[in-house]
Amino acid sequence: MTNRIETLLGAHLSPCSITMPVRYTELSARPQAAISGNPFHQWVLPNGQLWTLFFRNQNGYLLRFPDLADFEIDLSGTDVIGLPALGIATATVEHLYLNQVLPLALSRQNRLVLHGSAVDIQGMGVAFLGESGRGKSTLAASFATTGKQFLTDDGLQLHWTSDGCRIVPSHPSVRLWADSEAALLTAGTERAPDVKFTSKARILAGRNVAFCNESRPLRRVFFLCSNNVSEVTIESVRPAEAVAEMVKHSFLLDTQARDLLAQHFDHLARLAEHPIFFWIDFPRRYCDLPIVRDAIIRHTTSTQYKTR
Amino acid sequence: MDIPSRLKIPPEVMSRHVGEETVLLNLASGTYFGLNLVGARVWQLLSAGESMPTICEIILTEFDVRAESLQNDVIRLLQALLEQGLVVAD
């Protein structure tokens, strides 16, 4: 066994923060052996490429990323073993683990995890949900490089407390395409090694990209639209629409586990009762980002929409 | 599409009341469906095992609608639910 890395999600958090342990162990690289039986689920990229196959095994689940890595997740979602394919660097496997596998493992722990980024605005958690390419990471990085802090780049983890729903910080890194990186970041910003399957850079939090390492109360969820508009528009979302949108953006490891799905549905319905959901659309020009940030800050801090 | 005289909700379909609407989710297919106030009442009556004629009769007493348009609306709704696998013939 090599590269035994025992990590805790949230190990970087302060003691009073919410933590949820996931033990991750990476084994040595090996050929991807054929798997008997059919996957019970699969993810396919927009270009038709098979991205992830979901199998059951005797201990829980096996996720296969063809030619990249396999991951074994136990039934409780607390133990994950990474198995790199031959020739695949640890950086690539770690990237897959943090961005794809860890959120899925957390969903098996009955955690509510959505595809989305989030930032801290004056102590309030503000989340951005949307399809790939809508600008979730760019928005988060934009705030994090201009005086605010980001809570997560993807894998938006929500946690219910007696005080309401809170956003739990995730890994302190942001993934950006080259054009966003060039537009937002200054020279010398620390980045993780490149990975095999994407040209997105993983930018590490630090002096230039500020990270919030404590949970924040969820106060806004913006669903990102992309209608080629010329100015920022923000409109409220009906509760039922909010549920439907969140279903689309949910991380779910086992789509056949009825009890878990029912609880997930309950989580979403409960959350959607809060008047914190909005559609947002804005011009996709980097030069307009200050206007977009300002509109989001004003909306979030507006007394007109106070939720508690 | 003909509407079967009796319909039932398959076990893989869940519903939750959210705001003034009801959201249906088919766990097997991932399909979800939003129902307004009247649609939610139809769903409630379907869940109770009521037939389509009975559902229409009850809705007529509870909402300010004309019988003809109500029947058309209910048929359209049930057709959509059947197509999405959210209800099946009993």
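Looking at heavy atoms from C-beta onward, Glu245(A) lies out of side-chain contact with Leu129(A) at the 4.5 angstrom threshold. Ile59(B) is not listed as a side-chain neighbour of Thr61(B), based on a closest heavy-atom distance of 4.5 Å or more. Two residues are said to be in side-chain contact when any heavy atoms from C-beta on lie closer than 4.5 Å; His264(A) and Phe251(A) fail this criterion.
Aromatic ring orientation, Phe40(A) versus Tyr61(A): tilted (interplanar angle from 30° to 60°). Classification of the Trp51(A)-Phe65(A) ring pair by plane angle, with boundaries at 30° and 60°, yields perpendicular.
Of all residues in residues 7-18 of chain B, those placing a non-hydrogen atom less than 4.5 angstrom from a non-hydrogen atom of chain A are Pro11(B), Glu12(B), Val13(B), Met14(B), Ser15(B), Arg16(B), His17(B), Val18(B).
Applying the side-chain hydrogen bond (donor to acceptor under 3.5 Å, both in side chains) test to Ser76(A) and every residue at least two apart in sequence or in another chain returns Asp74(A), Thr78(A).
Listed options Arg270(A), Glu273(A), Arg258(A) were ranked by heavy-atom pairs under 4.5 angstrom with chain B; first place goes to Arg258(A).
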